[in-house]
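Note that ligands are numbered from 1 as they come in the structure, with each ligand's atoms numbered from 1 the same way. Remember, predicted model here, so these are calculated numbers, not experimental data.
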Amino acid sequence: MVDLPRCRRATWAEVERWADRIADEVRAHRALPETIVALTRGGWVPSRLLCDRLGVKRLLSVRAQHWGVTATPSGRAELTDGLSGKVAGESVLVVDDITDTGESLSLAIEHIRAHGPARLESAALLHINHSKFVPTYFAEEIPREAWVWIVFPWNYWEDVATLAARAAALTPGIDAVRATLVERTGLTVPREDLERVARHTSLDGASTAGAPP
Ligand code: AMP
């Protein structure tokens, strides 16, 4: 089966707005963190934006793996790299881009809690409301019935390459892939972007695995 989920491309302007909203809420709760922990890879950019907005100098990371490639869960979420520094006695905010199943953030929270922070809160730019974990802060909620794969700016080429390769398995050729992506995923990908992908990934239908250009 070829998996071409409905997608929505998030813009940098939206990302900045979501980060602004979360930063405002954190300040309103008088909950300024001393350390931000990025849940990588998705939480890396949002974490840095929040450091900037909240004046936080200390940025650590923890790595979870769950969704192997675009919209394909790779089984259970796993914490693959532990917390990169000490947080004992500190006020900590752990940040991801989106909570979908919520497994990644809930694993990260459990792991960080064991390091003894004085206060531990969480934030995600977007929150799908079927998630088993509800972050302390989120900028926008997506109802479960409206589930989409969000193509964040930091995952654009990876997502386009994966989706284009899947579309090529159904309808080979750049123009056919472009039309299939619009019809099945709702994404309008500029032709030059697909040409760039085609330099590294076969869009002639020979393979279903994409590689970022
Ligand atoms: P989860 O453990 O299901 O809450 O999600 C783990 C990670 O997978 C998120 O931090 C995102 O980077 C990615 N992810 C999950 N669902 C989506 C989605 N609907 N759109 C974009 N990325 C997603």
Which value, rounded to the nearest 0.5 Å, describes the distance between [X] atom [atom1] and [Y] atom [atom2]?
X    : Y    : atom1 : atom2 : result
D193 : R191 : CG    : CZ    : 11.5 Å
L105 : S131 : CG    : OG    : 7.5 Å
S106 : K132 : OG    : NZ    : 4.0 Å
R8   : T11  : CZ    : OG1   : 8.5 Å

Residues in the immediate environment of ligand 1 (any heavy atom closer than 4.0 angstrom): H66, W67, D96, D97, I98, T99, D100, T101, G102, E103, S104, I128, W147, V148, W149, I150, F152

Minimal non-hydrogen separation, H111 against L83, with atom names: NE2-N, 3.0 Å

Ring-face cation of R196 near W157 (centre distance under 6.0 Å, axis angle within 45°): yes

